[in-house]
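Okay, structure first, notes after.
Worth saying up front: this structure is predicted, and the values here are computed from it rather than measured.
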Amino acid sequence: WFCQNCVGGKPFDTLDKPTQQSLISAITRAAGMRFMPIFDLLNHHNGLLNTISSATVDGNSLTTTKDIAAGEEIFNSYRGGRETSSEIFRRYGFIEHWPQQWAWVDSVTSKEERFLLLPND
(Lines give C-alpha, C1' and ligand atoms only; values in the text may rest on other atoms or scores of the structure.)
Protein backbone atom coordinates (compact mmCIF):
# COMPACT_ATOMS: atom_id res chain seq x y z
CA TRP A 1 0.00 0.00 0.00
CA PHE A 2 2.72 2.49 0.97
CA CYS A 3 4.81 1.92 -2.14
CA GLN A 4 1.77 1.99 -4.39
CA ASN A 5 0.21 5.13 -2.90
CA CYS A 6 3.08 7.16 -1.45
CA VAL A 7 6.17 6.65 -3.60
CA GLY A 8 4.74 6.21 -7.08
CA GLY A 9 4.84 2.41 -7.17
CA LYS A 10 8.58 2.02 -6.45
CA PRO A 11 9.46 -1.38 -4.92
CA PHE A 12 10.48 -1.24 -1.25
CA ASP A 13 14.05 -2.40 -1.90
CA THR A 14 14.64 0.55 -4.27
CA LEU A 15 13.69 3.18 -1.68
CA ASP A 16 16.44 5.12 0.09
CA LYS A 17 17.47 3.84 3.56
CA PRO A 18 15.79 6.66 5.58
CA THR A 19 12.46 6.00 3.81
CA GLN A 20 12.77 2.23 4.39
CA GLN A 21 13.62 2.75 8.08
CA SER A 22 10.75 5.21 8.56
CA LEU A 23 8.31 2.76 7.02
CA ILE A 24 9.56 -0.14 9.15
CA SER A 25 9.33 2.03 12.29
CA ALA A 26 5.77 3.03 11.44
CA ILE A 27 4.68 -0.56 10.74
CA THR A 28 6.24 -2.00 13.91
CA ARG A 29 5.03 0.80 16.20
CA ALA A 30 1.56 1.37 14.84
CA ALA A 31 -1.60 0.88 16.83
CA GLY A 32 -4.38 0.50 14.33
CA MET A 33 -3.94 3.41 11.94
CA ARG A 34 -1.85 5.49 14.35
CA PHE A 35 1.89 5.77 14.94
CA MET A 36 2.41 5.04 18.66
CA PRO A 37 6.15 5.12 19.52
CA ILE A 38 5.28 5.76 23.20
CA PHE A 39 4.43 2.06 23.47
CA ASP A 40 8.18 1.37 23.21
CA LEU A 41 8.50 2.78 26.74
CA LEU A 42 6.15 0.14 28.17
CA ASN A 43 7.01 -3.44 29.04
CA HIS A 44 4.99 -6.45 27.93
CA HIS A 45 3.91 -8.87 30.65
CA ASN A 46 0.49 -10.51 30.62
CA GLY A 47 0.90 -11.81 34.18
CA LEU A 48 1.66 -8.32 35.59
CA LEU A 49 -0.55 -6.29 33.27
CA ASN A 50 -1.52 -2.98 34.93
CA THR A 51 -2.95 -1.00 32.00
CA ILE A 52 -5.82 -1.14 29.56
CA SER A 53 -5.47 0.38 26.10
CA SER A 54 -8.25 1.29 23.73
CA ALA A 55 -8.59 2.90 20.35
CA THR A 56 -11.49 4.78 18.81
CA VAL A 57 -11.84 7.05 15.81
CA ASP A 58 -11.08 9.94 18.20
CA GLY A 59 -7.73 8.57 19.36
CA ASN A 60 -5.94 6.06 21.57
CA SER A 61 -5.84 5.88 25.34
CA LEU A 62 -3.80 3.97 27.89
CA THR A 63 -5.30 3.78 31.39
CA THR A 64 -3.75 2.26 34.49
CA THR A 65 -5.79 -0.36 36.34
CA LYS A 66 -4.24 0.52 39.73
CA ASP A 67 -2.16 3.23 41.38
CA ILE A 68 1.41 3.06 40.11
CA ALA A 69 4.16 4.25 42.43
CA ALA A 70 7.14 6.29 41.23
CA GLY A 71 9.70 3.91 39.76
CA GLU A 72 7.21 1.04 39.35
CA GLU A 73 7.09 -0.54 35.90
CA ILE A 74 4.12 0.02 33.63
CA PHE A 75 3.05 -3.10 31.74
CA ASN A 76 0.87 -3.46 28.69
CA SER A 77 0.07 -6.44 26.53
CA TYR A 78 1.41 -6.73 23.01
CA ARG A 79 -1.19 -9.43 22.58
CA GLY A 80 -4.23 -7.32 23.11
CA GLY A 81 -5.75 -10.58 24.30
CA ARG A 82 -5.62 -12.14 20.84
CA GLU A 83 -2.10 -13.05 19.75
CA THR A 84 -0.44 -16.19 21.05
CA SER A 85 3.05 -16.40 22.54
CA SER A 86 4.21 -17.93 19.26
CA GLU A 87 2.91 -14.85 17.40
CA ILE A 88 4.60 -12.52 19.92
CA PHE A 89 7.86 -14.38 19.30
CA ARG A 90 7.42 -14.19 15.51
CA ARG A 91 6.51 -10.46 15.48
CA TYR A 92 8.65 -9.02 18.28
CA GLY A 93 11.47 -11.54 18.77
CA PHE A 94 11.09 -12.40 22.45
CA ILE A 95 9.59 -15.14 24.61
CA GLU A 96 7.05 -13.63 26.97
CA HIS A 97 6.69 -14.28 30.69
CA TRP A 98 3.94 -16.49 32.07
CA PRO A 99 1.23 -17.20 31.14
CA GLN A 100 2.19 -18.38 27.66
CA GLN A 101 -0.18 -19.63 24.99
CA TRP A 102 1.42 -21.38 22.02
CA ALA A 103 -0.28 -22.27 18.74
CA TRP A 104 0.76 -23.83 15.46
CA VAL A 105 -0.74 -25.62 12.48
CA ASP A 106 0.11 -29.31 12.33
CA SER A 107 1.83 -29.94 9.00
CA VAL A 108 0.26 -33.39 8.63
CA THR A 109 -3.36 -32.77 9.68
CA SER A 110 -3.52 -29.01 8.91
CA LYS A 111 -5.28 -28.72 12.28
CA GLU A 112 -4.48 -25.81 14.59
CA GLU A 113 -3.00 -27.01 17.89
CA ARG A 114 -2.62 -24.99 21.11
CA PHE A 115 -1.26 -25.32 24.63
CA LEU A 116 -1.10 -23.04 27.63
CA LEU A 117 1.89 -22.77 30.00
CA LEU A 118 1.28 -21.48 33.53
CA PRO A 119 3.81 -20.75 36.30
CA ASN A 120 4.46 -23.50 38.87
CA ASP A 121 3.59 -21.31 41.85
Side-chain angles (χ1 to χ4, degrees):
W1 179 92
F2 175 83
C3 291
Q4 205 171 33
N5 294 290
C6 300
V7 292
K10 292 182 189 175
F12 178 80
D13 59 351
T14 65
L15 302 175
D16 61 81
K17 272 291 193 220
T19 302
Q20 288 179 351
Q21 290 171 332
S22 296
L23 179 58
I24 290 169
S25 291
I27 290 169
T28 60
R29 288 163 179 82
M33 293 299 291
R34 295 176 183 88
F35 186 54
M36 299 294 293
I38 193 75
F39 283 146
D40 286 346
L41 300 174
L42 306 173
N43 293 308
H44 169 84
H45 196 302
N46 287 316
L48 301 175
L49 187 61
N50 57 12
T51 62
I52 296 173
S53 61
S54 64
T56 68
V57 293
D58 297 323
N60 290 34
S61 69
L62 184 70
T63 307
T64 61
T65 57
K66 66 177 196 120
D67 290 339
I68 297 178
E72 186 178 351
E73 289 186 76
I74 299 174
F75 295 102
N76 72 330
S77 177
Y78 287 16
R79 269 196 220 170
R82 294 178 300 277
E83 289 86 5
T84 61
S85 299
S86 38
E87 182 66 10
I88 294 294
F89 179 66
R90 186 189 72 77
R91 292 174 107 189
Y92 304 107
F94 69 89
I95 303 293
E96 62 182 344
H97 297 281
W98 308 106
Q100 296 177 358
Q101 178 183 252
W102 294 87
W104 66 95
V105 175
D106 185 293
S107 61
V108 175
T109 66
S110 297
K111 182 179 172 186
E112 183 177 60
E113 303 287 346
R114 292 178 177 259
F115 69 91
L116 180 66
L117 292 175
L118 300 170
N120 291 333
D121 54 348

Minimal non-hydrogen separation, [X] against [Y], with atom names:
| X | Y | result |
| --- | --- | --- |
| Thr84 | Ala103 | CG2-CB, 3.7 Å |
| Asn50 | Glu72 | ND2-OE2, 4.3 Å |
| Ile52 | Thr65 | CG1-CG2, 3.5 Å |
| Phe75 | Leu48 | CD1-O, 3.5 Å |

First locate atom [atom1] of [X], then atom [atom2] of [Y], and finally report the distance between them rounded to the nearest 0.5 Å.
| X | Y | atom1 | atom2 | value |
| --- | --- | --- | --- | --- |
| Lys66 | Thr63 | NZ | OG1 | 15.0 Å |
| Arg114 | Ser85 | CZ | OG | 10.0 Å |
| Gln21 | Leu15 | CD | CG | 11.5 Å |

Passing option when Thr64 is tested against Leu62, Ile68, Asp67 for side chain to side chain contact (heavy atoms under 4.5 Å, CB included):
Ile68
Please determine whether the number of non-hydrogen atoms from other residues, nucleotides or ligands lying under 6.0 Å from atom CG of Leu116 exceeds 12.
yes
With a 6.0 Å cut-off (strictly less than), is the heavy-atom count around CG of Asp106, excluding the residue itself, greater than 12?
yes
Students often mix this up, so state it plainly: with edges at 30° and 60°, are the rings of Trp104 and Phe115 parallel, tilted or perpendicular?
perpendicular
